[in-house]
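Okay, so here's the structure we're looking at.
The chains referred to below are lettered A, B, ... by the order of the sequence lines, with proteins before strands, and numbering in each begins at 1.
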Amino acid sequence: MYAIVDCNSFYCSCERLFAPALYNRPVAVLSNNDGCIISRTDEAKAIGLGMGAPYFQYRQLIEQNGITIFSSNYHLYGDISRRVMDTLRSVAGNNMVEVYSVDEAFINLKEVPEKKLSSFIQELKERTEQWTGIQVSVGAAPTKVLSKVANRLAKKNKIATNCIVALNTEEEIQDALQRTPVGDIWGIGRKYAYTLKEFFAIENAWQLRQMNEEWARKNLGGVIGVRLLKELKGFSCVDMKDPLENKKMIATTRMFGKPVYELPELKEAIATYTSRAAEKLRRQYCATKYIDVFIMSRPHTQKPGDYYTESRHLHCHLPVATSDTQQMIRYAKQLIDQLYRPGLKYIKAGIILSDLVPDNSIQGNLFSPFTETRQKVLMNALDNINFSMRDDAVRYASTGVKRNWKMRQEKRSKRYTTRWEELFEVR
DNA sequence: TCTGGGGTCCTAGGACCC
DNA sequence: TCTGGGGTCCTAGGACCC
């Protein structure tokens with residue numbers, strides 16, 4: 001058996017922790033750049049605020065209904081997330097928790113005796129809520145896919161289920177699957193949902209479950225589809241992931257606060273993103289051998305409602321893996337030089353690192369200069385300073401001073417739990 | 001005026017080799 | 001005149017997730 005624990009309206013719940021007046025009131029959190037809506041409380045959903053909806057289109061609705069809006073505050077959410085996960089580990093044990101996303105974790109229940117299952121799940125929920133103040137929903141079932149089905153039903157019927165649904169028997173599973181539209185199955189996105197409905201008249205998860213593996217291989221993305229089908233049928237084939245696994249790819253990409261036209265500004269942005277990506281790289285003790293840079297532009301003549309963009313990528317393979325910010329910036333700027341076309345309206349840029357290797361096993365080559373140790377010491381010092389003091393206390397000059405392109409975040413709450421000067425005040 | 005960011009996995013198809 | 005088959009590796013791109 002697996003359980004999935006999912007925080008209810010996670011970002012909004014984090015904001016409410018430090019603004020208790022907002023309980024039972026509509027709240028929403030915006031994406032970076034205050035672009036669109038990425039978290040909503042039930043009250044905000046009831047008013048008609050859509051997930052992923054562009055903020056500017058909903059301004060009026062928001063004002064009319066007194067919905068409280070926050071810019072995203074990832075320092076805060078990241079810290080609260082860590083507390084939630086620690087709490088879950090305290091109940092289930094370190095090795096039984098797989099952090100799946102910032103607000104979700106799978107729990108392996110294989111060692112929980114059947115008789116104790118329901119009290120154990122109850123404990124997961126209650127302790128998390130008591131220790132962190134964040135409400136969660138729990139779904140439990142024989143496979144991960146089915147536990148997601150259960151979790152969705154728990155969230156859909158909060159009062160009736162007390163946010164807990166466990167699927168133990170075949171009857172319960174069948175009933176749950178019949179109440180789950182195909183598009184809401186974990187692993188079925190928009191495209192597949194459309195195909196399933198249009199071409200196979202499959203509307204819900206139960207109908208999908210009646211299909212066979214050959215059909216799934218052909219119509220549902222090959223082995224992925226086969227796996228999904230098996231999971232629906234109760235055969236577990238998506239294991240718990242090793243928590244120590246490193247990321248295979250690291251990306252730092254951002255929309256600009258306002259359009260950028262000139263190369264120097266573009267270079268500042270890319271240098272900044274590269275610094276950030278390099279930090280993430282060093283945090284997992286890795287070096288990269290592959291750097292990809294992209295820029296995204298929007299045509300000057302664009303009608304309202306039209307959201308067409310163009311992006312161009314360029315990449316390079318490094319002769320020797322590196323995690324040195326300065327060196328990475330140098331490569332990234334060369335790529336930007338080649339990508340840049342004057343006269344375009346750039347709205348976004350980014351850097352993607354892959355082909356990551358552990359930094360203690362870098363394969364040197366005959367032509368590489370022998371400065372690695374010094375660079376490593378420097379990077380270490382840089383990371384330590386930037387971690388303990390405010391962000392970017394020390395940074396490379398090429399990341400810019402004015403930073404006109406920086407994103408907008410007009411409604412961000414304080415970083416109550418991670419910055420001394422922003423601690424929550426009680427009078 | 002204004003539409004996020006960061007990941008994973010898989011497949012198809014091309015290049016290359018023997 | 002005539003021009004195979006099987007394998008590997010790599011990359012781009014699609015689909016999905018939160």
Side-chain angles (χ1 to χ4, degrees), chain A residues 4 6-7 9-11 28-39 50-60 62 71-74 77-78 81 98-106 144-145 148 151-152 182-196 216-228 237-238 241 245-259 273 276-277 280-281 284 289-290 292 294 296 298 300 302-309 311-317 345 347-356 407-410:
Chain A
I4 179 131
D6 185 322
C7 301
S9 309
F10 182 56
Y11 295 171
V29 174
L30 304 178
S31 64
N32 274 339
N33 236 355
D34 294 347
C36 46
I37 292 150
I38 54 170
S39 176
M51 181 65 176
Y55 174 44
F56 73 95
Q57 282 177 5
Y58 282 84
R59 278 245 166 92
Q60 213 183 353
I62 287 165
S71 298
S72 37
N73 182 349
Y74 292 107
Y77 312 150
S81 169
E98 174 194 331
V99 177
Y100 177 67
S101 76
V102 70
D103 69 332
E104 278 175 63
F106 284 106
K144 281 185 166 179
V145 169
K148 291 284 258 183
N151 185 277
R152 172 179 168 280
V182 271
D184 287 344
I185 301 170
W186 187 46
I188 300 292
R190 269 223 305 274
K191 188 91 189 293
Y192 286 147
Y194 174 82
T195 314
L196 289 174
R217 194 184 306 281
K218 190 152 167 272
N219 298 295
L220 224 50
V223 295
I224 298 184
V226 174
R227 202 157 60 202
L228 174 65
C237 25
V238 184
K241 232 178 97 182
E245 248 170 63
N246 279 329
K247 298 216 165 45
K248 293 167 183 155
M249 174 206 107
I250 286 173
T252 302
T253 70
R254 296 260 181 302
M255 303 278 298
F256 301 131
K258 53 185 176 192
Y273 303 163
R276 190 93 322 125
K280 294 183 203 168
L281 190 61
Q284 66 172 35
K289 289 170 78 175
Y290 177 98
D292 177 297
F294 74 89
M296 184 182 278
R298 205 202 299 275
H300 289 284
Q302 193 153 47
K303 300 175 203 79
D306 188 7
Y307 190 50
Y308 176 72
T309 57
S311 67
R312 289 208 314 280
H313 283 251
L314 215 54
H315 67 257
C316 62
H317 293 270
K345 178 181 178 183
I347 57 165
K348 180 178 183 173
I351 178 165
I352 299 164
L353 314 175
S354 63
D355 207 349
L356 311 183
M407 67 180 175
R408 294 185 302 268
Q409 277 198 317
E410 284 161 12

Please enumerate all protein N or O atoms sitting under 3.5 Å from an N or O of nucleotides 9-13 of chain C, with distances to 0.1 Å.
residue : atom : partner : partner atom : Å
C/dT11  : OP1  : A/H317  : NE2          : 3.0

Is [X] touching bases, backbone alone, or none of the nucleic acid, heavy atoms closer than 4.0 Å?
| X | value |
| --- | --- |
| A/R227 | sugar-phosphate |
| A/I352 | nothing |
| A/N33 | nothing |
| A/M249 | base |
| A/K248 | sugar-phosphate |
| A/S72 | nothing |
| A/V102 | nothing |
| A/D103 | sugar-phosphate |

Is it true that the NZ or CZ of A/R190 lies under 6.0 Å from the centre of A/Y194's six-membered ring and within 45 degrees of the ring axis? no
Under 4.0 angstrom between [X] side-chain N/O and [N] OP1 or OP2:
| X | N | result |
| --- | --- | --- |
| A/R408 | B/dT1 | no |
| A/K348 | B/dG5 | yes |
| A/T253 | B/dG6 | yes |
| A/Y100 | C/dC16 | no |
| A/K280 | B/dG6 | yes |

Parallel, tilted or perpendicular for A/F106 and A/W186, by the 30°/60° rule?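 Tilted.
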Which nucleotide in B/dG5, C/dC18, B/dG7 has an atom nearest any side-chain atom of A/K148: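 Nearest to the side-chain atoms of A/K148, counting from C-beta on, is C/dC18.
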Angle between the end axes of the helix from B/dG5-C/dC18 to B/dC18-C/dG5, five pairs per end, to the nearest 10 degrees? 10°
Check whether any side-chain N or O of A/R408 sits under 3.5 Å from a backbone N or O of A/G257 as a donor-acceptor pair, and report yes or no. yes
Can you check whether A/E410's main-chain N or O pairs, donor with acceptor, with A/S71's side chain at less than 3.5 Å? yes
Between C/dC17 and B/dG4, how far apart are the C1' atoms? Round to whole Å, please.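 Roughly 15 Å separates the two C1' atoms.
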A/Y74 OH - B/dG5 P separation (whole Å): 8 Å
At a heavy-atom distance below 4.0 Å, what parts of residues 185-194 of chain A sit against DNA chain C? A/I185, A/W186, A/G187, A/I188, A/G189, A/R190, A/K191, A/Y192
